[in-house]
Novice: 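Have a look at this one.
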Amino acid sequence: MKLLFTIFITLFIGFQTNSQLRHQLKTGRWIGCLELNEADTLYFEMELRKEKKQYVFTILNGEERVPMKQPYLQGDSIHLFFSNFNSELVFEIKHNSFIKGRWINYLKTDYSIPFSAQPDSTSIFPVSAPDAASDFSGKWKTVFSPDNKPYNAIGVFEQKGNQVTGTFLTETGDFRYLSGNVDAESLFLSGFDGSHAYLFKGTKSADEKITGEFISGTHYRTTWNAERDEHFELRNPDSLTLFSGDPYDFSITFNDLEGRPFTFPNEAYKNKVVIIQILGSWCANCMDETVYFKELYDNYHAKGLEIITVGYELGENEQEFARHLSAYKQRFDLDHKILVGGSARKSSAKEDFNFLSDFTSFPTTMFFDRSGKVVRIHTGFSGPGTGKYYLNYKEKTDRLIEQLINE
């Protein structure tokens, strides 16, 4: 299935006069850089166009649009906040063909990475042998951290010439939209969405095996290897987390966004089909799931579907957690019940949902029939960047909701 994805992260620079910019930026294709360390640079593609008196930057990293908040000028620096994450690009315009600054991620302490961009019409990553590009397209059985706590994944790539797009699926989610280039036998993929800065490097041997490195920002690094395998599959995500004990003998109580206690099960949700979604607003896979669940809610709420989201958040106290979740609710225009779970730790969710056999991933989702019995527990989420895997999940879940609604 075609896996050509482009994330359009639209950045509106709302300056009213050219004198405020002091430079006429060159429109067209740009290449952005994040200097992860002295040896590793994450390259990503950008477009710059001008609409009336505003410049519009677009980061090309998949087919999703991730909006930016209204920018502002402070001194000589332009500040562009990501709407979906608490991070921003801060940069100065050096001249009409170069900008330089930093990406600052406020979800982490003292976390920033040097950023720059300039016009470029060539490949995303610098390549010396584009005409000798080896074929990386297809499906790859992948193992991350093979020498230390290994875990399986599936690499799915589509290649056109020396340009590659795709992603990696794991049992707890996916790495979302990746794009890059092939240089002879070397593969380079990146993904940058305001929260994650992913760089994948790999080299293919004559026996069709890949050895590589995965670097996430400045805080994480590991190795990976892969081999072609069209038949390999991960474990069924509906089999990884089980319900312990009597499926009717459980209860959860959390505060809602206004600080009022909410308990499930309750009379208001009796004879309803219920989805309980355990997530974090900081989690990109959770956001992908939320977009799909909003669609489900809009389609089936009138027929008896309810969704309860329990959020585990970054911050110091419940007030901060509630503030993050309130912004999340507004951002995605959500109408269903949202509750404050606690701090963003799997151990917290495991303690609160102690009737589950384990808790290994944000998101984890439970589906209940009208009698209040859990009929499915899904670990993780493979989003639209995974192509057919995402479409298969949606089709299966749509069928389940239809069945439960009609019982």
Side-chain angles (χ1 to χ4, degrees), residues 1-10 61-67 82-85 167 169 172-177 193-195 237-238 256-257 264 268-269 271-311 324-339 361-370 374-407:
M1 182 174 181
K2 188 173 182 180
L3 291 174
L4 182 58
F5 304 107
T6 18
I7 275 183
F8 294 97
I9 302 182
T10 306
N61 192 42
E63 64 182 6
E64 178 187 24
R65 290 181 176 269
V66 181
F82 290 85
S83 294
N84 288 341
F85 302 104
T167 194
L169 296 84
T172 58
D174 65 275
F175 285 97
R176 308 189 80 242
Y177 304 91
D193 62 7
S195 177
D238 293 344
D256 65 16
L257 298 181
F264 178 83
Y269 284 68
N271 297 322
K272 299 291 184 69
V273 175
V274 178
I275 297 173
I276 296 183
Q277 177 194 33
I278 310 170
L279 58 62
S281 66
W282 42 268
C283 162
N285 291 145
C286 300
M287 289 194 299
D288 288 338
E289 184 183 61
T290 294
V291 171
Y292 169 55
F293 280 0
K294 175 177 169 54
E295 177 184 319
L296 276 182
Y297 186 84
D298 291 345
N299 290 339
Y300 293 104
H301 175 61
K303 299 179 181 180
L305 175 66
E306 298 287 353
I307 298 178
I308 301 170
T309 290
V310 184
H324 294 322
L325 289 167
S326 295
Y328 191 81
K329 175 183 175 72
Q330 181 178 8
R331 185 187 318 149
F332 291 101
D333 191 25
L334 304 177
D335 295 322
H336 65 262
K337 179 66 68 175
I338 298 180
L339 306 176
S361 175
F362 293 104
T364 292
T365 305
M366 294 174 285
F367 297 79
F368 296 81
D369 66 14
R370 290 186 183 273
V374 64
V375 296
R376 180 187 184 192
I377 303 175
H378 189 86
T379 301
F381 187 77
S382 294
T386 66
K388 69 176 184 180
Y389 293 92
Y390 171 67
L391 296 177
N392 290 343
Y393 171 80
K394 285 185 63 177
E395 181 180 357
K396 178 180 178 180
T397 304
D398 285 349
R399 286 200 309 267
L400 174 64
I401 298 302
E402 284 275 4
Q403 174 189 332
L404 298 178
I405 289 290
N406 293 323
E407 286 180 348

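Heads up: numbering here begins at 1 and tracks the sequence.
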Novice: Do the non-hydrogen side-chain atoms of Leu339 and Phe264 ever get within less than 4.5 Å of each other?
Specialist: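 No; the side chains remain at least 4.5 Å from each other.
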Novice: Between atom CZ of Phe293 and atom CG of Leu305, what is the distance when rounded to the nearest 0.5 Å?
Specialist: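 Taking CZ in Phe293 and CG in Leu305, the distance rounds to 9.0 Å.
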Novice: Which heavy atom of Cys286 sits nearest a heavy atom of Leu279, and at what distance?
Specialist: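 In this case the closest contact between Cys286 and Leu279 is SG-CB, 3.6 Å.
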Novice: Check whether any side-chain heavy atom of Met287 lies under 4.5 Å from a side-chain heavy atom of Phe332, and answer yes or no.
Specialist: yes
Novice: Between atom CZ of Phe362 and atom CD of Gln277, what is the distance when rounded to the nearest 0.5 Å?
Specialist: 11.5 Å
Novice: Does Asp398 come within less than 4.0 Å of Lys394, counting only side-chain N to carboxylate O?
Specialist: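 Lys394 and Asp398: not salt-bridged.
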Novice: Look up atom CG in Asn299 and atom NZ in Lys294, then write down how far apart they are to the nearest 0.5 Å.
Specialist: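 So the gap between those two atoms works out to 10.0 Å.
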Novice: Look only at the side chain of Arg331 and the backbone of Ser83, and say whether a donor-acceptor pair between them is shorter than 3.5 Å.
Specialist: yes
Novice: Run through Asp238, Thr397, Thr364 and flag the one making a side chain to side chain donor-acceptor pair (under 3.5 Å) with His378.
Specialist: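 Result: among Asp238, Thr397, Thr364, Asp238 is the only option passing the side chain to side chain donor-acceptor pair (under 3.5 Å) with His378.
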Novice: Say whether Thr290 and Tyr328, considering side chains only, have a donor N or O and an acceptor N or O under 3.5 Å apart.
Specialist: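 The criterion, which ignores hydrogens and geometry beyond distance, is satisfied for Tyr328 and Thr290.
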Novice: With a 4.5 Å limit on heavy-atom distance, are the side chains of Asp193 and Phe85 in contact?
Specialist: yes
Novice: Find out whether Arg376 and Phe368 are in side-chain contact, i.e. whether some heavy atom of one side chain is under 4.5 Å from a heavy atom of the other.
Specialist: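 They are not in contact (no side-chain heavy atoms under 4.5 Å apart), so the answer is no.
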Novice: Kindly give the heavy-atom pair with the smallest separation between Asp369 and Glu407, and that separation in Å.
Specialist: CB-OE1, 4.1 Å
Novice: Rounded to the nearest 0.5 Å, how far apart are OG1 of Thr365 and CD1 of Ile278?
Specialist: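 Going from OG1 on Thr365 over to CD1 on Ile278, the span is 7.5 Å.
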Novice: Answer yes or no: is there a side-chain heavy-atom contact under 4.5 Å between Ile401 and Phe367?
Specialist: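 Side chain of Ile401 against side chain of Phe367, heavy atoms only: contact under 4.5 Å found.
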Novice: Given Ile275, which of Thr309, Ile308, Leu296 fulfils the side-chain contact (heavy atoms from CB on, under 4.5 Å) condition?
Specialist: Leu296
Novice: Measure the acute angle between the ring planes of Phe381 and Tyr292, then classify it against the limits of 30° and 60° as parallel, tilted or perpendicular.
Specialist: parallel
Novice: How long is the span from the OG atom in Ser326 to the CG atom in Leu334, to the nearest 0.5 Å?
Specialist: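 With rounding to 0.5 Å, OG (Ser326) is 11.0 Å from CG (Leu334).
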Novice: So, taking the atom named CZ in Arg176 and the one named CG in Asp288, what distance separates them when rounded to the nearest 0.5 Å?
Specialist: 4.0 Å
Novice: If you look at every heavy atom in Thr379 and Ser361, which pair is closest and at what distance?
Specialist: CG2-CB, 3.7 Å
Novice: Using only atom types and a distance under 3.5 Å, with no angle test, would you say the side chain of Asn285 pairs donor to acceptor with the backbone of Asp174?
Specialist: yes
Novice: Could you tell me whether the side chain of Thr172 and the main chain of Gly380 form a donor-acceptor pair under 3.5 Å?
Specialist: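 Side chain of Thr172 to backbone of Gly380, a donor-acceptor pair under 3.5 Å: no, none is there.
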Novice: Would a distance-only check, ignoring hydrogens and angles, find a side-chain to backbone donor-acceptor pair under 3.5 Å from Arg370 to Ile405?
Specialist: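 Flag set: sc Arg370 to bb Ile405 pair under 3.5 Å.
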